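Let me begin by presenting the structure, written as structure tokens, before commenting on it.
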Amino acid sequence: MSACASQGTGPARSLVAGEGFVDPIGFHDPTPTFSWKLAGGVKRQTAYRIEVNCGGDEQTQWDSGWVESDQSVLVPYGGKPFDSREQVTWRVSYKDQDGVKSGWSEPASIELGLLSKDDWQAKWIKAENAPEPKEEVVVYLRRAFEAKDQVASARLYVTARGMFDVLLNDQRVSDDHFANGWTSYRNRLDSLTYDVTDLVKKGDNQLQVMIANGWYCGRIGWAEQVGYYGKTPELLLQLEITFKDGSTQVITSDEDWQSALNGPVVSSSVYDGETYDARRVADGWAPVVANDDLGDVRMMPKPFPAVRQTQTIKAVSVSEPAPGKYVFDLGQNIVGWAKIHMPVEKDQTITIRYVEMLNQDGTIYTANLRSAKSTDTYTAAKSGKVTWQPHFTFHGFRYVELSGLPENAKPKKDWVTGVVLHSDLNRIGHFESSHDLLNQLQSNIVWGQRGNFVDIPTDCPQRDERLGWTGDAQVFCPTAMFNYDCHAFWKSWLGSMRDDQVEDGRIPHVIPDVLKRDAGSPGWMDAATIIPWAVYVRTGDKELLADNIGMMEKLVGYYRSKSKDGLITEINAFGDWLQPYAKETKGDTPAPLIATAYYAHSAQILADSLRVLGRDEEAKRYEDEANAVKSAFARHYFDADGKLQNAPETQTAYLLAIAFDLIPSDAKPKAVEHLVRLVHEADDHLRTGFLGTPFIVSELDKAGYPDLACKVLLKETYPSWFYSIHQGATTMWERWNSYSHEHGFGDAGMNSFNHYAYGAIGQWLYERLAGLAPDPANPGYKHFFIRPLVSAPIDHARAELDTPYGKAVSGWTKHNGVAKLEVIVPPNTTATVEFPDGRESQTLEPGKYHFELNVE
Ligand code: BGC
């Protein structure tokens, strides 16, 4: 039988290229990996065979042949690297546990984007007499062209220094927003590829592009900083048309384009919003400035999904707290913008303001936006009903205020719709329980993630910040990996982190760096080790570890350079940021203690990563280094009784020491007791900031105090997760008391109502409360643990995760002292159940299981 003929049944499904791409167009990786899921009911794969470009008139380009292996995830392509624009199909067959062959899968496809600068014939173009960047003017560009014949296929390749929006014959070429996204622009620019076959027609065509400052040259970073990467937005575009007769035509950005500065989008700014005047018609067309020097920045296809609209939300009420100011409540704090659909009068300007909270009197609370204006305006060209939404801005908001309406206006709820925008990642995980507040917490975590995954992981979406804060990202990463498939998202952002690493090894506080190399805070810069490892554990992606190992080494080298005999005694740090009741924002845990702890932790992760990569000798070296730092830490900071010395006793100091394994095992139980004492002294509340909070519940639980862990988690008084919920939170807040019914708003200087850092608790909800945890030794859920905390004072918890192998579940329900546990183990994996009732652990083959557990 020929290699290409189909045989057998139960074919593989869900074929993906690279980090979760389904039939991608404009793919970035010339040597991708392949992943597939086995048919339901199959236990194990014993061999696979992949074919690239099989059948048809083409010759098979790569045939892996039968490979005896149970690997069905991230299998490397072994053929000749793909070329730019190349279109390939691939399919897979496998043998199951009995050696029975499956039929071939349905074919999947990959089309490459432009991989090299040589692929670009286009020139960078920009407006002549471009205004100062601080004006945030939107530039209109256009070019008419004639397509000679019937179009067989057409691809648009486009990137910008700034954000772009392309119309072909008056239609948007995609649903993407804020493309090309935000990377370390001085090192890398991503391009987008769009299939525009259906938009190009024989005869006259018109390309129209808007380019805005965006993150590239708009106001971004501290104070009034504008134009950090450049002074004016620019476009690089290439439209490649293939006609039915096989001939081709290429339209590029070049001198043949025109630009205008007087289109209806007057200005648009990430922080400040958009000004739109429908009376304006771009007519001041002028030549463009073209430059065929593409620059020395790397250019590559965007390696993860763009920002898109993923949901719309109806307003639940409208009020008029002040004359002529109408406030629409969406009932949920979101990120995106408002779409208005309302009657307007000619020449009237509607002002649209966005806030997360209201003042007591129902008017909008804007103080926490700091200098971000977050205001859109729409000026009408004629009277009648209008539908409008902005283009190059986004807002963090629950409430939308409209003003500037005619005096007799009677606003209706449906005049305003909330449009939810974020990186369009796949939802893969769900956590639910019998506890309403826990469910609200999970909802708040997920909304916090959606609102802050706007092309990069941001600290907050509303004030004049919205930056890729590394500390926030590292604590939240494991939780994020449960809710959404963010493998490609993190991988890309880590690329920017490598690009922006300081020569001495420090990592800037924010990535992409716009704070002028301000860098080097322990717990923040360790995003460089913690995130690659966290992503590896949950995906099994070794290549990602290999990509980042150099960055990790440099970071550990920096710590070493700051240390003496294993200890770091002086360092600039954000500390245990925002610890409640602390003397200062940086918390009470001393920076040198935190720095030494993270030095050891990062060195350990580096050693573990090298081990995975088979670089044992180097691994050993870093392990020794980590151990030396751990010993120095233990000697300096702990007395013989496991009590903290040479530093104030804080929950976070104990937690870092315990979590990072910094104290010898005989002293550990004593240290745990001191931690427990501190927790009791705080009436079983946390006293931790950004760095300690992710560990308090998990480490108490691991150390044998699950009941106390639950108490801390389920507290309803300040400071606690539920406290914020009782104050009305629908997202995670920057502070537990960003607002309270009793005391009103917290310090407006730093008071975000959408800050995911404290959402890091989500990991524990999945891994322990419901009980579905990855196994670092068998990453990517090839093997995982079921560790349900059925003794928790709730009746039910359930985690469901679409792993790379298929759906995994751990869910339990308790009734009359007996817990029923449901477990689903996907094909080609195994899971070990750790029974809470003393029974010996059991390793499960793929399938669905039910257990009864005695809870007493
Ligand atoms: C950000 C944080 C960040 C912190 C560091 C704040 O302005 O919002 O979340 O981690 O600064 O100090």
Side-chain angles (χ1 to χ4, degrees), residues 469-472 474-476 478 521-527 530 567-569 571-602 604 629-630 633-634 636-639 642-663 667-668 670-703 705 708-709 711-713 715 718-721 734-736 755 757-761 763-764:
W469 280 94
T470 46
D472 310 43
Q474 72 76 4
V475 299
F476 189 61
S521 177
W524 270 252
M525 58 180 170
D526 305 270
I530 294 172
L567 287 180
I568 293 169
T569 51
I571 195 156
N572 272 335
F574 295 118
D576 190 23
W577 192 246
L578 293 186
Q579 176 207 324
Y581 297 113
K583 289 183 206 72
E584 51 170 335
T585 330
K586 297 180 172 185
D588 296 330
T589 310
L593 182 152
I594 293 175
T596 308
Y598 275 93
Y599 174 16
H601 188 49
S602 275
Q604 184 65 55
V629 178
K630 289 178 189 182
F633 181 94
H636 184 76
Y637 287 113
F638 282 88
D639 70 13
K643 186 164 186 279
L644 211 66
Q645 63 181 9
N646 294 321
E649 268 197 306
T650 60
Q651 292 183 357
T652 293
Y654 281 110
L655 285 167
L656 296 182
I658 296 165
F660 299 165
D661 227 356
L662 306 181
I663 26 182
K668 201 164 168 175
K670 295 183 195 158
V672 170
E673 274 169 42
H674 289 296
L675 168 65
V676 168
R677 171 175 50 78
L678 288 191
V679 176
H680 287 328
E681 280 170 19
D683 189 26
D684 300 344
H685 284 87
L686 57 87
R687 288 284 183 275
T688 47
F690 273 31
L691 297 184
T693 302
F695 294 119
I696 182 143
V697 174
S698 58
E699 292 304 321
L700 282 172
D701 169 36
K702 269 193 225 152
Y705 290 86
L708 184 56
K711 270 193 186 154
V712 174
L713 171 64
K715 275 280 165 193
Y718 177 81
S720 67
W721 287 272
E734 185 168 21
R735 303 165 189 265
W736 308 105
H755 229 76
Y758 290 146
I761 188 66
Q763 179 185 2
W764 193 81

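Keep in mind that this is a model prediction, so the values were computed, not measured. Heavy-atom basis, side chains included; hydrogens, waters and symmetry copies ignored. Positions are given from 1 along the sequence.
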Plane angle bin for Trp577 and Phe690 - parallel if under 30°, tilted between 30 and 60°, otherwise perpendicular = perpendicular

Plane angle bin for Phe660 and Phe695 - parallel if under 30°, tilted between 30 and 60°, otherwise perpendicular = perpendicular

May I have the step-by-step check of side-chain contact (heavy atoms from CB on, under 4.5 Å) for Val679 and Tyr705, ending in yes or no?
-> CA-CA 11 Å; Val679 176; Tyr705 290 86; over 6 Å; no

Who passes salt bridge (Lys or Arg N to Asp or Glu O under 4.0 Å) against Lys670, sequence neighbours left out?
-> none

Between Gln651 and Leu686, is any pair of side-chain heavy atoms under 4.5 Å apart?
-> yes

Any side-chain donor-acceptor pair under 3.5 Å between Arg677 and His680?
-> no

First locate atom CG of Leu691, then atom OH of Tyr598, and finally report the distance between them rounded to the nearest 0.5 Å.
-> 4.0 Å

Close side-chain approach of Leu662 to Thr596, heavy-atom, < 4.5 Å | no

Hey, does Glu649 have a side-chain heavy atom less than 4.5 Å from the side chain of Lys643?
-> yes

Contact check, side chains of Glu734 and Leu578, non-hydrogen atoms, under 4.5 Å | yes

Should Tyr637 and Pro590 count as side-chain neighbours, where that means a heavy-atom distance under 4.5 Å?
-> no

For Tyr758, what residues pass the side-chain hydrogen bond (donor to acceptor under 3.5 Å, both in side chains) criterion, not counting sequence neighbours?
-> none

Partners meeting side-chain contact (heavy atoms from CB on, under 4.5 Å) with His685 (sequence neighbours left out) | Ala682, Asp683, Arg687, Lys715, Thr717, Pro719

Between Trp469 and Phe574, does the ring centre distance come in under 6.0 Å?
-> yes

Heavy-atom distance under 4.5 Å between the side chains of Lys668 and Ile658, does that happen here?
-> yes

Using a 4.5 Å cut-off on heavy atoms from C-beta on, say whether the side chain of Leu655 contacts that of Leu675.
-> yes

Can you tell me if Asp576 uses its side chain to pair, donor with acceptor, with the backbone of Asp588 under 3.5 Å?
-> no

